[in-house]
Amino acid sequence: MGENVKLAFIVQKPQYKGETSRLAITHAIAYQTVEILLEDGELVTPTLCFIGEGVLGLQKGQNAMELYGITSTESHIKNTLLVDLDVLICKEDLVKYGIPEDALPDAEDMGADKKLQVVPFAQIQKAMEDAKHVLFF
Amino acid sequence: MGTLTIGCYPGLVGSMAYDFALKLADAAATKGHKVNIWFSGNATGSVKAHQKHLKDYSTGEKYLTALLAKGVEICTCEACTVARGILKTEGIEKIQWNAMHWYLAKIHKSDRVLLIGGE
């Protein structure tokens, strides 16, 4: 049986401050196709976590396509749920910035059962401890 | 000896983090470690061939070519690269072009992973 390498993608910058926050999401989604480059049974399992200012810009109702002609972070987040990624949002930081949990998107309209998980930071820390590699964006 | 994979995101010009990533890769390869470099975001602009090495600016090509000669595997995110107007035919020889899963696959085989910079 091949190794299942767990990764923690930690997004700590808001999407409007740089490109890497968005790249964290797309890189995490790429786990869906990594098997074509691995041996049988080998897996990569990312957990995508948003902490600090990284929780800014996750709200639903974004109009990036209409206004800027680019895919919104909301749309990328929906795709993570569609491909069954575990996405953890730091509860304490949502409270800090006054973002209610019901402002976060889901992907029910795309048929995804997976939901964003608003969790205490301790759970995100556990995801980092469980991961073989932690990548900070 | 171990395997090190570096994700490099900052642009060639305007950030010293790019230079640091390449120097670190060189040091690790010189010590005998297997090194992989993944370019994403603005770092992908550095894979264009025929860079003129002006003394006042950072340069990528000279050092990338040297790293390739040492056996370092370098891959650029194809989508990020073509989005910056660089075609594969214009790229530095032997630099690979692939998608983000290349990076994840290299991470799978790595002892250490570093993600450097990024705007």
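Numbered from 1 within each chain, the chains take letters A, B, ... in sequence-line order.
Both the backbone and the side chain of A:Glu3 come within contact range of chain B, with heavy atoms under 4.5 Å apart. For A:Ile29, no part lies under 4.5 angstrom from a heavy atom of chain B. Looking at B:Lys106, neither its backbone nor its side chain comes within 4.5 Å of chain A, counting heavy atoms on both sides.
Using a 4.5 Å cut-off on side-chain heavy atoms (C-beta onward), A:Val34 and B:His108 make no contact. In this structure the side chain of A:Val44 never reaches within 4.5 angstrom of the side chain of B:Ile107, judged on heavy atoms. The shortest distance between side-chain heavy atoms of B:Leu104 and A:Leu38 does not fall below 4.5 Å. Side-chain atoms of B:His101 and A:Gln32, non-hydrogen and from C-beta on, never get closer than 4.5 Å to each other.
Taking every heavy atom of both residues into account, A:Phe136 and B:Leu115 meet most closely at O-CD2, 3.6 Å.
To the nearest 0.5 Å, atoms OH (B:Tyr103) and CG (A:Leu135) are separated by 4.5 Å.
Within residues 30-37 of chain B, no residue has a heavy atom under 4.5 Å from a heavy atom of chain A. Contact residues of residues 80-100 of chain B toward chain A are B:Cys80, B:Arg84, B:Met100 (heavy-atom distance under 4.5 Å).
Classified by interplanar angle (parallel below 30°, tilted 30° to 60°, perpendicular above 60°), the ring pair B:Tyr9/A:His27 is tilted.
Transitive grouping of hydrophobic side chains (ILVMFWY, heavy atoms separated by less than 4.5 Å) brings A:Val134 and A:Val119 into a common cluster. Hydrophobic clustering of Ile, Leu, Val, Met, Phe, Trp and Tyr side chains at less than 4.5 Å, counting indirect connections, unites A:Val87 with A:Phe9. A continuous path of hydrophobic side-chain contacts links A:Val83 to A:Leu7 [ILVMFWY only; heavy atoms under 4.5 Å]. Cluster membership for A:Phe137 and A:Leu58, using ILVMFWY side-chain heavy atoms within less than 4.5 angstrom, is shared. Placement of B:Leu4 and B:Trp38 in two distinct hydrophobic clusters is found when ILVMFWY residues are connected by side-chain heavy-atom separations under 4.5 Å, directly or transitively.
No more than 12 heavy atoms of other residues, nucleotides or ligands lie within 6.0 Å of OH in A:Tyr68, so this atom counts as exposed by the packing criterion. Around the NZ atom of A:Lys114, the shell of radius 6.0 Å holds more than 12 heavy atoms that belong to other residues, nucleotides or ligands. For A:Asn63, the CG atom sits in a packed shell: over 12 heavy atoms of surrounding residues, nucleotides or ligands are nearer than 6.0 Å. In the displayed structure, A:Asp109 atom CG is contacted under 6.0 Å by more than 12 heavy atoms of other residues, nucleotides or ligands. Summarising the local packing, NZ of A:Lys60 is surrounded by more than 12 heavy atoms from other residues, nucleotides or ligands at distances under 6.0 Å. The neighbour count for A:Lys126 NZ, taken as heavy atoms of other residues, nucleotides or ligands under 6.0 Å away, does not exceed 12.
Per-residue counts of heavy-atom pairs under 4.5 Å with chain B were compared for A:Ala28, A:Gly18, A:Ser21, A:Ala30; the largest is that of A:Ala30.
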